[in-house]
> 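Let me give you the structure first, and then I'll get to my questions.
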Number of protein chains: 2
Amino acid sequence: MNSNNVTIYDVAREAGVSMATVSRVVNGNPNVKPTTRKKVQDAIDRLGYRPNAVARGLASKKTTTVGVIVPDISNIFFADLARGIEDVATMYKYNIILGNSDSSRDKEIHLLNTLLGKQVDGIIFMGGRLHEDLVEEFKKSPVPIVLAATLNQGYDLPAVNIDYEQAAYDATHMLISHGHERVGFITGPLEQQINGEKKFAGYRRALEDAGLPFHENDMILGNYTYASGLEAMQKMLQRDDCPKAIFAGTDEMALGVIHAIQDAGYSVPNDFEVVGHDNTRLATMIRPKLTTVVQPMYDIGAVAMRLLTKILNAEEIEEKNVVLPHRIERRDSLRQD
Amino acid sequence: MNSNNVTIYDVAREAGVSMATVSRVVNGNPNVKPTTRKKVQDAIDRLGYRPNAVARGLASKKTTTVGVIVPDISNIFFADLARGIEDVATMYKYNIILGNSDSSRDKEIHLLNTLLGKQVDGIIFMGGRLHEDLVEEFKKSPVPIVLAATLNQGYDLPAVNIDYEQAAYDATHMLISHGHERVGFITGPLEQQINGEKKFAGYRRALEDAGLPFHENDMILGNYTYASGLEAMQKMLQRDDCPKAIFAGTDEMALGVIHAIQDAGYSVPNDFEVVGHDNTRLATMIRPKLTTVVQPMYDIGAVAMRLLTKILNAEEIEEKNVVLPHRIERRDSLRQD
DNA sequence: TTTCCAATTGGAAACGTTTTATATCGCATG
DNA sequence: CATGCGATATAAAACGTTTCCAATTGGAAA
């Protein structure tokens, strides 16, 4: 743990040039004679000089660091997203400061301010819902903010998502097309626009298009976890008119649903058919393997980060509200056609 | 996106004091008269002043930021660990710069240098194996480095782990005590000390203690993934003398093992018994629920970060090589006694 | 009053870069 | 041989804090 304190000035002295020249060499500025460059480079190697990014940040007003606000990194869904973000960030020489918000408004705002204090060059935000106060803070931000897997709720914020309404429609429709007249819908809290407006709307539209009525109690809300999916399905199974087809809002909930069904002695897909949402790695880690809506988390993260770099470089941006394609991956939780 | 550029100097002028005084107020230094403090605080609020952490970092040589090097954040195991780290970091007012190494030596070294360039106050490292070159770099680090879920391989590095040898012993022993004379061992690459030395040693010791011979081909190595666990078990099932008890090096592999067994038409736990390792959330997301060694990932992360803060604060440290307790969580992949 | 000491406050020098404006060098051109 | 210009290099001023040290203030004690 020696203290590494060789500065640009030491290098300059060692190489017999000014610090400005060293700075140019370090930053790959072309206005340096090759012989000088070599001389400086040698001095750098000899001294083991490593530029101080903090000083650089102060002087240049750029930190090549972006903030990432995520509800919970231990959630496989956000972990995948984060990986996509980090990979692209690395590609563009940025680092990531990661913070968990637990979807709490206060933590989100606090985190945002901490990140801004640290002078990040931009921020990627994930969260179930955009609280009004948060949006106010966003508006005051001196750096760009991009939403990932988070709807912008009509605010003028760049965002990367899939078409959740259509995805839910497709999933429900697929179930209906298998002859089901009732389709259960087990998902997360309705306050979150993705559920409350998008998925719910898609679900209802599919029912309507098929001429089927919407039954209030065919829908059960949980909190995205395996346990809540299990519990919701157990509850539903107690009813005589229990739907034999279930669309679950996340894969994790879908696993819970399948196990509840199996625990009750029924078979998937023979007695019940199930479709999930997200296509996390869980989808293939269950028997029967889960048919699910493919939401490309990694890609959403990657595209969000790429979008942020474009904004930071003032590149031309064709569309600030990106909608990535989705599809349904057919596996064994659905009967063959 | 207004440019927020009110500095400590602006606040000083507004409050009619010197910047030194503002600095004291901002940092909670007690040597400020209450009336002055209030005057300054008002000015801060009025101007919406937010201290520039980069400038602060330059002047104080502390960034309240720690680096976290992880093989792959999208791996549920490391995601949990990271969450533990971040929670404790937040508690102590630190932020986390997170980087994925994919366990590549080059990426690890590159990441380390980037982090040191950014002047992090400390680093938490996770990785399957400590490459010699990396350790060289560690030694040169001007800031402390703590290993999490990573053995220090005899180097003098603070680390937080469980006793992997004993855990593997316990798991194997439990299987043997159920009457099995052969126990399959399906785990990750042996180059990683945790597998190659610790778990392997525990497995063998349990066999020896029971007077059972070690069969080379009862051990199959994969890469920690579900798919590799599945594949390994499929291979094992083709043998006439296939062990009827399996100890899997990770839960994810254990799920693969169980599914391979079930796919072949056998039952767990009636025909085969399986014990996993880690107790990730996956363990309860399978039928039968997985009996597994509890490795407290979150805690390891939390303790590692706490250890780092102790080192940073020069607090008394009783033991730099922390070994957290483990236990086996009995679930349904094992028959009742 | 004076005197002194503790409590406050202020001034200014770091901290290690980038960047701008300025100088110098080398050499082709007239 | 002087001129001019592009290519390089230098000097010094930011950047926004913290922090050391000196200065000032306000009372309590003398």
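So you know, we letter chains A, B, ... as the sequences are listed, proteins then strands, and number each from 1.
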> So, do Phe138(A) and Tyr155(A) have ring centers that fall under 6.0 Å from each other?
no
> In whole Å, what is the span from the CG atom of Asn29(B) to the P atom of dT18(D)?
11 Å
> For atom CG of Asn31(A), decide whether the heavy atoms of other residues, nucleotides or ligands shown that lie under 6.0 angstrom number more than 12.
yes
> Return the value, rounded to whole Å, for the distance between atom CZ of Arg56(B) and atom C1' of dA14(C).
17 Å
> In whole angstrom, give the distance that lies between atom CD of Gln119(A) and atom P of dT17(C).
19 Å
> What does Ser23(A) touch in the nucleic acid at a heavy-atom separation under 4.0 angstrom: a base, only the sugar-phosphate, or nothing?
base
> Does OP1 or OP2 of dT9(C) have a side-chain N or O of Thr36(B) closer than 4.0 Å?
yes
> Report the distance from atom CZ of Arg24(B) to atom P of dG10(C), rounded to the nearest whole Å.
8 Å
> Do Tyr224(B) and Gln192(B) have side-chain N/O donor and acceptor atoms under 3.5 Å apart?
yes
> Under 4.0 Å, heavy atoms only, any strand: does Thr21(A) hit a base, just the sugar-phosphate, or nothing?
base
> Which nucleotide, dT17(D), dT17(C), dG10(C), lies nearest any side-chain atom of Tyr49(B)?
dT17(D)
> Does dT3(C) pair with anything, Watson-Crick or G-U wobble, both distances under 3.5 Å, and if so, with which nucleotide?
dA28(D)
> Under 4.0 Å between a side-chain N or O of Asn31(B) and OP1 or OP2 of dT9(C)?
no
> Looking at dG16(D), dA9(D), dT9(C), which one has an atom nearest to any side-chain atom of Ala55(B)?
dG16(D)
> Any base atoms under 4.0 Å from Val32(B), or only sugar-phosphate, or nothing? Heavy atoms, all strands.
sugar-phosphate
> Under 4.0 Å between any heavy atoms, over every strand shown, what does Val54(A) touch: base, sugar-phosphate, or nothing? Just pick one.
nothing
> Within this structure, what is the NZ-to-P distance between Lys61(A) and dT17(C), rounded to whole angstrom?
18 Å
> Given dT9(C), dT18(D), dA9(D), which nucleotide is nearest the side-chain atoms of Ser60(B)?
dT18(D)
> Could you check whether Val17(A) gets within reach of a base, just the sugar-phosphate, or nothing at all, counting any heavy atom under 4.0 Å?
sugar-phosphate
> Please state how far atom CD1 in Ile44(B) lies from atom P in dG16(D), giving the value in whole angstrom units.
16 Å
> Report yes if a side-chain nitrogen or oxygen of Thr7(A) is closer than 4.0 Å to either non-bridging phosphate oxygen (OP1 or OP2) of dG16(C); otherwise report no.
no
> Would the number of heavy atoms belonging to other residues, nucleotides or ligands and lying under 6.0 Å from CD of Glu316(B) be above 12?
no
> Whether the Thr114(B) and Lys93(A) side chains hold a donor-acceptor pair (N or O, under 3.5 Å, no angle test) is what I'd like checked.
no
> OP1, OP2 of dA12(D) versus side-chain N and O of Tyr9(A): anything below 4.0 Å?
no
> Taking only the side-chain heavy atoms of Lys33(B) (C-beta and beyond), determine which of dT8(C), dC20(D), dT18(D) contains the nearest atom.
dT8(C)
> Send over the distance from Asn5(B) CG to dC15(D) P, rounded to a whole Å.
10 Å
> Mind calculating the distance between CG (Asn52(A)) and P (dC15(C)) to the nearest angstrom?
12 Å
> Evaluate the salt bridge (Lys or Arg N to Asp or Glu O under 4.0 Å) criterion for residues Glu315(B) and Arg306(B): first the C-alpha distance (whole Å), next the side-chain angles of each, then the deciding distance (0.1 Å), finally the verdict.
CA-CA 11 Å; Glu315(B) 290 177 33; Arg306(B) 178 66 186 106; 3.2 Å; yes
> Assuming nearest nucleotide by heavy-atom distance, tell me which of Leu58(A) and Val26(B) is located more 5' along DNA chain D.
Leu58(A)
